[in-house]
2 protein chains.
Amino acid sequence: MLSRASKYAILSTLFLAEHSNVDKKISVKVISESIDVPSPFLAKLFQQLVRGKIISSTKGPNGGFFLTDKNRQKNVLDIIENIDGLNKFNDCFLGLNECDGKNPCPVHFIVEPFKNSLLGKFKDKTIHEFSLEISEKGRVLTLKGLDLS
Amino acid sequence: MLSRASKYAILSTLFLAEHSNVDKKISVKVISESIDVPSPFLAKLFQQLVRGKIISSTKGPNGGFFLTDKNRQKNVLDIIENIDGLNKFNDCFLGLNECDGKNPCPVHFIVEPFKNSLLGKFKDKTIHEFSLEISEKGRVLTLKGLDLS
DNA sequence: TTATTAAAAGATAAAAAGGTCTTTTAATAA
DNA sequence: TTATTAAAAGACCTTTTTATCTTTTAATAA
């Protein structure tokens, strides 16, 4: 469904939402260790997220990555769009060229409602709102101890 | 969501359901041209589907691939399981190790209901039933003219 | 203004997915 | 029983994704 890059991007953006602000920047190394993601890979990913204005950064001493208030108004779908693009969501589940309500693939009416509701949910809530929910409910964001497959 | 291999497998199995039977076998070449999928790749895929008892085959003149009545009792999820495995469905959407109702990832309650309903639908209907529906409703199964991306 | 810090940029490498080709095996029609 | 047909098997190639490493740029603290 999502590439690893997108998953890392969502997790680390939520991590930044919870632990960083304009006066408290966090280095790649700290984040990568916190959520247990390879740091050079995360560094590359962050460059793209900065270009996409999902997260912010400054160089030099006390530099690092952080979220501005504007960044916090983005939603999860913006992150996915920035990394994977939205084709995975918009394209036919079976890969057919012509697939819509008028000319549906065999699973069209099974998959379509699901896709729409998932898409809606990911647009629904801002990173800020997500982050509040996470700290309220004490949810875990790390991949530590994970056997990725 | 699905690998290309799985998509090809579903399409070509449904094609066999509609156009083949024990007395009418179809060669890889004919199928690959009909649904516009690379034939050497489909040949490999078919070997695996035969081993998984999703489809059947015989060698030699008038040989080819076909579905038995038993094959037709399989469902779409059996195909996906045989090619991709079920990890994509069972694993956490964000890739977290520990993610369940008690210790959910940030999107757990968004994704979980969707996954379950999709899974149910794919188990619900046999290949036979799917095939009947397709020929009734005249749905298209080809990838022709498709810009895969 | 210089040394230090941390991100940006770019080149490179490893793994996985997707795709192709050649040889072998089995079925059958002549 | 032999030639032919079509799948099975296995080696190989290409592209994409994931991951790493090195050099450059920018910010700032001393």
Side-chain angles (χ1 to χ4, degrees), chain A residues 1-9 11-12 16 20 22-33 35-67 80 83-85 87-88 95 143 146-149, chain B residues 1-9 11-12 16 20 22-33 35-67 80 83-85 87-88 95 143 146-149:
Chain A
M1 190 90 212
L2 298 184
S3 69
R4 245 181 232 195
S6 264
K7 292 177 183 184
Y8 293 168
L11 287 174
S12 50
L16 285 175
S20 84
V22 183
D23 299 314
K24 189 182 166 201
K25 290 149 193 165
I26 310 183
S27 71
V28 172
K29 198 159 169 293
V30 169
I31 299 166
S32 73
E33 283 168 4
I35 60 172
D36 205 43
V37 151
S39 77
F41 191 67
L42 197 59
K44 272 283 141 201
L45 205 54
F46 274 4
Q47 286 178 31
Q48 191 174 341
L49 291 171
V50 168
R51 282 193 297 270
K53 299 186 195 299
I54 309 286
I55 67 176
S56 304
S57 68
T58 58
K59 298 179 177 181
N62 300 319
F65 296 93
F66 61 100
L67 298 194
I80 297 172
I83 303 295
D84 282 349
N87 291 359
K88 276 176 192 169
L143 292 171
L146 175 53
D147 167 38
L148 280 170
S149 60
Chain B
M1 190 89 213
L2 298 185
S3 67
R4 250 181 227 194
S6 265
K7 293 176 183 183
Y8 294 167
L11 286 173
S12 49
L16 285 174
S20 84
V22 182
D23 298 316
K24 189 181 165 204
K25 289 148 192 165
I26 310 183
S27 71
V28 171
K29 199 161 168 291
V30 168
I31 301 166
S32 74
E33 282 168 5
I35 60 172
D36 204 44
V37 152
S39 77
F41 191 67
L42 197 58
K44 271 283 139 200
L45 206 54
F46 274 5
Q47 288 178 30
Q48 192 174 340
L49 290 172
V50 169
R51 283 193 296 269
K53 299 187 194 300
I54 309 286
I55 68 177
S56 303
S57 67
T58 57
K59 299 179 178 181
N62 301 318
F65 295 93
F66 61 100
L67 297 194
I80 297 172
I83 302 295
D84 282 351
N87 290 0
K88 276 175 192 169
L143 291 172
L146 174 54
D147 167 39
L148 282 170
S149 60

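What you see is a predicted model, and the numbers here were worked out from it, not measured in a lab. Convention: sequence-line order gives letters A, B, ...; per-chain numbering from 1.
- If you take CD1 on I55(A) and CZ on F46(A), they are separated by 4.5 Å, rounding to the nearest 0.5 Å.
- Here the side chains of V37(B) and I31(B) are not in contact, with every heavy-atom distance at 4.5 Å or above.
- The residue among P61(B) and T58(A) whose nearest nucleotide of DNA chain C is located toward the 5' end is T58(A).
- When Watson-Crick and G-U wobble pairs are counted only if both distances are under 3.5 Å, dA8(D) pairs with dT23(C).
- Contact annotation: R51(B) does not reach the phosphate of dA8(D) (side-chain N/O to OP1 or OP2, under 4.0 Å).
- For the pair Q48(A) CD and dA19(D) P, the computed distance is 15 Å after rounding to whole Å.
- Between the NZ atom of K25(A) and the C1' atom of dA27(D) there is a distance of 10 Å, given to the nearest Å.
- In this structure, Y8(A) reaches the dA19(D) phosphate: one of its side-chain N or O atoms is under 4.0 Å from OP1 or OP2.
- A 4.5 Å side-chain heavy-atom check between K88(B) and S3(B) finds at least one atom pair inside the cut-off.
- For S57(B), the side-chain atoms get nearest to dA8(D) when compared with the rest of dA8(D), dG19(C), dA6(C).
- With rounding to whole Å, K7(A) atom NZ is found 9 Å from dT18(D) atom P.
- Both distances falling under 3.5 Å, in either a Watson-Crick or a G-U wobble arrangement, place dT28(C) opposite dA3(D).
- Between atom CD of residue E33(B) and atom OG of residue S39(B) there is a gap of 7.5 Å, rounded to the nearest 0.5 Å.
- Closest-nucleotide positions on DNA chain D for N62(A) and Q47(B) were compared, and the one nearer the 5' end corresponds to Q47(B).
- Within 4.0 Å of S3(B), counting heavy atoms only, lie sugar-phosphate atoms of the nucleic acid but no base atom.
- F66(A) and K24(A) get closest at one heavy-atom pair: CB-O, 4.3 Å.
- Counting to the nearest Å, the P atom of dA6(C) and the CG atom of L42(A) are 16 Å from each other.
- In terms of position on DNA chain C, the residue among K44(B) and I26(A) whose nearest nucleotide sits closer to the 5' end is I26(A).
- One finds a side-chain N or O of R4(A) lying less than 4.0 angstrom from the OP1 or OP2 phosphate oxygen of dA19(D).
- Here the nucleotide nearest the side chain of P38(A), chosen from dT20(C), dT20(D), dA8(C), is dT20(D).
- Side-chain contact between Y8(B) and I83(B): absent, with no pair of heavy atoms (C-beta onward) separated by less than 4.5 Å.
- F65(A) comes within contact range of the sugar-phosphate backbone alone, with a heavy-atom separation under 4.0 Å but no base atom that close.
- Searching all strands for a Watson-Crick or G-U wobble partner of dT15(D) with both distances below 3.5 Å returns dA16(C).
- Computed from coordinates, the F41(B) CZ to dA16(C) C1' distance equals 12 Å when rounded to whole Å.
- Nearest nucleotide to the side chain of P40(B), out of dT18(D), dT20(C), dA7(C): dT20(C).
- Regarding N87(A), its CG atom lies at a distance of 11 Å from the P atom of dT17(D), rounded to whole Å.
- Taking atom CG on L2(A) and atom P on dT17(D), their separation rounds to 14 Å, with Å as the unit.
- Per the geometry, NZ belonging to K88(A) stands 12 Å off P belonging to dA17(C), to the nearest Å.
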